[in-house]
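One structure is given below, encoded as structure tokens.
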Protein chains: 2
Amino acid sequence: MAPITNGRVLFNAVPEDYPVPGKTTVYDTSETIDLENAPLNGGILIKVLLLSIDPYMHGRLRSPEKESYMAPYTLGQPLTGAGIGVTGAHVRGLLLHQEYMIVPNLQAAMLGVIERDPKLDWSVYIGAAGYPGESAYVGWRAYSDGKPGEIAFITTGAGSVGSMAIQLAKKDGLKVIASAGSEDKVKFMKEIGADVAFNYKTTDVREVLAKEGPIDIFWDNVGGDTLDAAMEFAAKNARFIECGQMSGYNSGYQPMKNPALIFEKCMHFHGFLLFELRAKYAEAFQAEVVPRLVSGEFKSSEDITRGLDKVGDVILAVQKGTNTGKAVVRVADE
Amino acid sequence: MAPITNGRVLFNAVPEDYPVPGKTTVYDTSETIDLENAPLNGGILIKVLLLSIDPYMHGRLRSPEKESYMAPYTLGQPLTGAGIGVTGAHVRGLLLHQEYMIVPNLQAAMLGVIERDPKLDWSVYIGAAGYPGESAYVGWRAYSDGKPGEIAFITTGAGSVGSMAIQLAKKDGLKVIASAGSEDKVKFMKEIGADVAFNYKTTDVREVLAKEGPIDIFWDNVGGDTLDAAMEFAAKNARFIECGQMSGYNSGYQPMKNPALIFEKCMHFHGFLLFELRAKYAEAFQAEVVPRLVSGEFKSSEDITRGLDKVGDVILAVQKGTNTGKAVVRVADE
């Protein structure tokens, strides 16, 4: 068989604010691969099927001098991100944003073999049943201390993390206020059980919280003014779970207006990163969440775009919030 | 016996920034009391001996429209604050800032009878063995999770709360960095065990933390730029104990510069107020701290001013940090 194109998405230029498809990242077709004769050197050839596009990726599209909690992408090299590939069995982990990749072995590449429940698409395994779902689970179980009747306010409630947080909070018997940026998303949040769902672009967050709060738990995926508002309407002893601050990824983080509220209201803030806590909660997640996704008790929503060349567009859509549901790029069919 | 003057310190005017003695508060001698014939109506006469002057008092010298976590003082009425009085037995609790007061009974006034160890002055019982010491104890035990070899940075380390926090951290085997605002205070912090003690007015906090950090625990009594610096030099999974934010009491609270560090570094913030947690730790405090004050293993320092008419000056000194050690006003001898 003749060599075929091995498409890749390369980091091309540090963006000024929002990532620009075709400039920040470029789809590159200059490499080829001979699938039958590629030198494996004892390694394994993986065909990339699905790639997860996540908000945090913007933070990796930066210049290497700038320090942050995750390593920057390398200019001229393919992006990496959560994904599912196939090499005989299906594997999941951090994959290159290219059509085919060769790894020395699964263990060294930290790729795990996974099986699929026939009722769930593979895409769910990088969404609600994957890292985003696990993020919500770990943060909620480790830090919410949620009790029946308490009130939780969950931001980006239609996203893959937020929607799982909503469903966990409802399962634990809490009243849930949830926000997102479109009417479609509001509809989805109501479908999955949010008691109060609103579009933060058209409804004032402080009005909602004044009426429906005070809040005992805040799931923060956005930061900025929403975080300030949540602090203003926090109950005493409120728990704030800091999962991310989307509002700052493109235009820079905003300060917290009144940190003195932390002691005045005896508040607790918990920042977390999935990979610090994942092992501890992995088994419980498999037992508590995955069967509920299979049975349909928990719902997930994916927004699947076909084609590796669309990665740049989807990265931008995720930053702008124009996708509805977990953003996934389908690189190839089985 | 003829009636005598019953001096009082009244809240007279809301301060613009720093409280002004004689304006914000006035010493008033217009009331008299006949100690032998005052109508008790079944109540108890208390002679006030010692009053604690604390940083939080500034927050109570405000107009009643302004909401905050503690009730405002009432214009034209005496201040109240922690103190020790005598009515046969010695009692401790919130006392009026006046020489004599009548309460219906001890329970209704939430005053507790206390005994003194002969080795400790009564003033210690509103300092290291009183609310400030308890504040440090409760915050440290509930939220520090301090482990031997970890690094704690403690602000206002020469004050009654900070100095107890330093000694608890050292007892738990941590390395302690401590800051305060004068060379005398630096000397005292070294005496009580701080490994690194510095004057924040003459030494750059970031230089100290870059050399001696990163820090695992931050005891925050100051907020503002010091809090920002502590976050910059925090280790992963750092615990920030939010006890107060002195820097904001007079000029307004400053924002937190980069709240995204909370999730990037998996940080934990815990705000607390003594009276929320006091009952839970009261017995342990008596067992762990008071005997060490008696034996001299733990040290305390009081800055005692004689005369109820000096309350306004001491309130200002506490806000400006010009006192050294726990600020106490001695209203009367036994």
Side-chain angles (χ1 to χ4, degrees), chain A residues 55-56 58-59 67-70 135 138-139 142-143 161 218-228 230-232 234 236-249 251-277, chain B residues 55-56 58-59 67-70 135 138-139 142-143 161 218-228 230-232 234 236-249 251-277:
Chain A
Y56 76 84
H58 189 288
E67 275 193 52
S68 185
Y69 67 111
M70 288 192 86
S135 287
V138 157
Y143 300 121
V161 174
F218 178 55
W219 185 284
D220 192 6
N221 275 335
V222 298
D225 183 59
T226 309
L227 172 56
D228 287 333
M231 290 179 73
E232 288 163 31
K236 216 156 193 181
N237 298 308
R239 287 81 68 195
F240 275 44
I241 304 171
E242 294 295 315
C243 180
Q245 299 203 345
M246 190 72 201
S247 69
Y249 295 163
S251 48
Y253 295 117
Q254 288 171 52
M256 177 192 287
K257 211 163 139 188
N258 189 1
L261 291 172
I262 301 176
F263 72 86
E264 291 184 358
K265 294 187 174 186
C266 303
M267 299 172 71
H268 304 277
F269 278 71
H270 297 284
F272 79 101
L273 298 171
L274 174 61
F275 291 90
E276 303 274 315
L277 293 169
Chain B
Y56 76 84
H58 189 289
E67 276 193 51
S68 186
Y69 67 112
M70 288 191 86
S135 287
V138 157
Y143 300 123
V161 175
F218 178 55
W219 186 283
D220 192 7
N221 275 335
V222 297
D225 183 60
T226 309
L227 171 58
D228 288 332
M231 291 179 72
E232 288 163 31
K236 217 159 192 180
N237 298 308
R239 286 81 68 196
F240 275 44
I241 304 171
E242 293 296 315
C243 180
Q245 300 203 343
M246 190 72 203
S247 69
Y249 295 161
S251 48
Y253 295 117
Q254 288 171 51
M256 177 192 288
K257 213 163 138 189
N258 189 2
L261 290 172
I262 301 175
F263 73 86
E264 292 184 358
K265 293 187 174 186
C266 302
M267 297 172 72
H268 304 277
F269 278 70
H270 297 285
F272 79 101
L273 298 171
L274 174 61
F275 291 91
E276 304 275 316
L277 294 169

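Chain naming here is simple, since letters A, B, ... match the order of the sequence lines and numbering starts at 1 in each. Note that this is a predicted model, so its numbers are computed, not measured.
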Which residues in residues 256-263 of chain B have any heavy atom closer than 4.5 Å to a heavy atom of chain A? B/Met256, B/Lys257, B/Asn258, B/Pro259, B/Ala260, B/Ile262, B/Phe263
Could you label the plane-to-plane angle of the A/Tyr143 and B/His268 rings as parallel, tilted or perpendicular, counting under 30° as parallel and over 60° as perpendicular? tilted
Residue, of A/Gly252, A/Gly59, A/Cys243, A/Gly223, that accumulates the most heavy atom pairs under 4.5 Å with chain B: A/Cys243
Under 4.5 Å heavy-atom distance to chain A, tell me which part of B/Lys265 shows up: side chain, backbone, both or neither. neither
Segment of B/Asp220 engaging chain A (4.5 angstrom heavy-atom cut-off): neither
Relative to chain B, which segment of A/Glu264 carries a heavy atom at a distance below 4.5 Å: side chain, backbone, both, or neither? both
Pick from A/Gly248, A/Pro255, A/Ser68: which one has the most heavy-atom pairs with chain B under 4.5 Å? A/Pro255
Using a 4.5 angstrom heavy-atom cutoff, name the option from A/Gln245, A/Glu242, A/Lys236 with the most pairs to chain B. A/Gln245
